[in-house]
Undergrad: 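Before anything else, here's the structure in question.
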Protein chains: 2
Amino acid sequence: MTTIAAESKDRVAELAEVFHLMGDPSRLGILMLVLDEARAVGEIAAATGHSLSLVSHHLRLLRARRLVRAERRGKQVFYALDDAHVRSVLRDMAAHLREERR
Amino acid sequence: MTTIAAESKDRVAELAEVFHLMGDPSRLGILMLVLDEARAVGEIAAATGHSLSLVSHHLRLLRARRLVRAERRGKQVFYALDDAHVRSVLRDMAAHLREERR
DNA sequence: ATAACAATTAAACAGTTGTTCAATCGTAAA
DNA sequence: TTTACGATTGAACAACTGTTTAATTGTTAT
């Protein structure tokens, strides 16, 4: 069988981990912010209204699953989305919600 | 601004709710099972190895967010995926994981 | 009506998770 | 070396979540 329904257990578990990361409002907000351009942690904190610490904690989780990539420039660390599929999924889902409202 | 990054807070929250539902391994396994064809709760329980009760609990949550649709046929209740975007997202992500392994 | 089957529901528990606060680290300027 | 700024880290706590167990509802057959 090659159907998606026959996807093996641990692959489903990995998939679930990615969705789980996207399933928190704070984290999803962060992902949305770095969707198109890299942003410093401080910018993200300011834009989302969250503490630097909280943002950093979340970024660490996102980094661990390689949803996001970090690059240091001087004192600041810039984060950008580092997963093409996640990017397209986020765009797709956002569009979905927009349409649903009509 | 019409960028996705400027998505309003409560829409992000709604998006997060959907991802959160997909972010649990048991629930994601259920969604995968009903991705292509409707299945009875008992079938789902047997196929996933979970109790009837657990499956029913999860289905209730999925139903509440309209990711899944229920239809009664005699004693059994059949569930099917009821969201085109979720379906494409699941296919997309599953494909993504498959490619990543190469 | 009763029995059997399928599914739902409620309560309760253990484990996980998001957040805060305080301390620490890394880098650049004085 | 200091000082200041930006970011990370760890500990601790409250809130939430997934799962189990047991009781209950709905449906079909006897």
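Numbered from 1 within each chain, the chains take letters A, B, ... in sequence-line order. Since the model is a prediction, treat every value here as computed from it, not as a measurement.
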Undergrad: Of all the heavy-atom pairs spanning B:Y79 and B:A70, show the shortest one and how long it is.
TA: CE2-CB, 3.5 Å
Undergrad: Mapping B:G42 and A:K75 onto DNA chain C by nearest heavy atom, which one lands closer to the 5' end?
TA: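 Its nearest nucleotide lies further toward 5', so the answer is B:G42.
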Undergrad: Distance check: side-chain N/O of A:Y79 vs OP1/OP2 of D:dG6, anything under 4.0 Å?
TA: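 Result: no.
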Undergrad: Of all nucleotides in DNA chain C that come within under 4.0 Å of a heavy atom of chain B, which is furthest toward the 5' end and which toward the 3' end?
TA: C:dC5 to C:dA10
Undergrad: Looking at D:dT27, D:dT9, D:dA22, which one has an atom nearest to any side-chain atom of A:S53?
TA: D:dT9
Undergrad: What I want to find out is whether B:R39 reaches B:E37 closely enough, with some N-O distance under 4.0 Å, to be called a salt bridge.
TA: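 Salt bridge present between B:R39 and B:E37.
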Undergrad: How long is the line joining CG of B:L59 and P of D:dT19, in whole Å?
TA: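 From B:L59 CG to D:dT19 P: 13 Å.
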Undergrad: Nearest of D:dT8, D:dT19, D:dT9 to any side-chain atom of B:H57?
TA: D:dT19
Undergrad: Do you reckon A:L59 sits in the same ILVMFWY cluster as A:L52, going by side-chain contacts under 4.5 Å, direct or chained?
TA: yes
Undergrad: What is the distance from CZ of A:R73 to P of D:dA7, rounded to the nearest Å?
TA: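 Taking atom P of D:dA7 as the reference, CZ of A:R73 is at 12 Å.
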Undergrad: In terms of heavy-atom contacts, does CZ of A:R63 have more than 12 from other residues, nucleotides or ligands at under 6.0 Å?
TA: yes
Undergrad: Can you pull out how bent the helix from C:dA1-D:dT30 to C:dA30-D:dT1 is, comparing the axes over its first five and last five pairs, to 10°?
TA: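 Roughly 20° between the end axes, to the nearest 10°.
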Undergrad: State, to 0.1 Å, how close B:L28 and A:V12 come at their nearest heavy-atom pair, and which atoms those are.
TA: CD2-O, 3.4 Å
Undergrad: Give a yes/no on whether any side-chain N or O of A:R60 is located under 4.0 angstrom from OP1 or OP2 of D:dT8.
TA: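 Indeed not, no polar side-chain atom of A:R60 lies that close.
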Undergrad: A:R39 has an atom CZ; how far is it from atom C1' of D:dA7, in whole Å?
TA: 18 Å
Undergrad: Write down the atom of A:V86, the atom of A:D83, and the distance for their closest heavy-atom approach.
TA: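 Where A:V86 meets A:D83 most closely, the heavy atoms are N-OD1, 2.8 Å.
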Undergrad: What is the separation between atom CG on A:L61 and atom C1' on D:dT8, rounded to the nearest whole Å?
TA: 13 Å
Undergrad: Between D:dG18, D:dT21, D:dT28, which nucleotide has the shortest distance from any of its atoms to the side chain of B:H58?
TA: D:dG18
Undergrad: Atom CD1 of B:I30 and atom P of D:dG18: how far apart are they, to the nearest Å?
TA: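 To the nearest whole Å, that distance equals 11 Å.
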Undergrad: Please report the distance, rounded to the nearest Å, between CD in A:E43 and P in D:dG6.
TA: 11 Å
Undergrad: Check every atom of D:dT20, D:dA7, D:dG26 against the side chain of B:S51 and return the nucleotide holding the closest atom.
TA: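 Looking only at heavy atoms from C-beta outward on B:S51, the closest nucleotide is D:dT20.
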Undergrad: Output the rounded distance in Å from CG (A:L52) to C1' (D:dG6).
TA: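 Checked: the CG to C1' distance equals 7 Å.
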Undergrad: Looking at B:E71 and B:R69, does any basic side-chain N land under 4.0 Å from a carboxylate oxygen?
TA: no
Undergrad: Between A:M22 and A:L31, which heavy-atom pair has the shortest distance, and what is it?
TA: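 Minimum heavy-atom separation between A:M22 and A:L31: CG-CD1, 4.0 Å.
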Undergrad: Does a salt bridge link B:R65 with B:D82, judged by any charged N lying under 4.0 Å from a carboxylate O?
TA: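 Answer for the salt bridge query: no.
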Undergrad: Nearest-Å distance, CG (A:L54) to C1' (D:dA15)?
TA: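 The answer, rounded to whole Å, is 15 Å.
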Undergrad: If you compare all heavy atoms of A:L35 against all heavy atoms of A:R87, which two are closest, and at what distance to 0.1 Å?
TA: O-NE, 3.2 Å
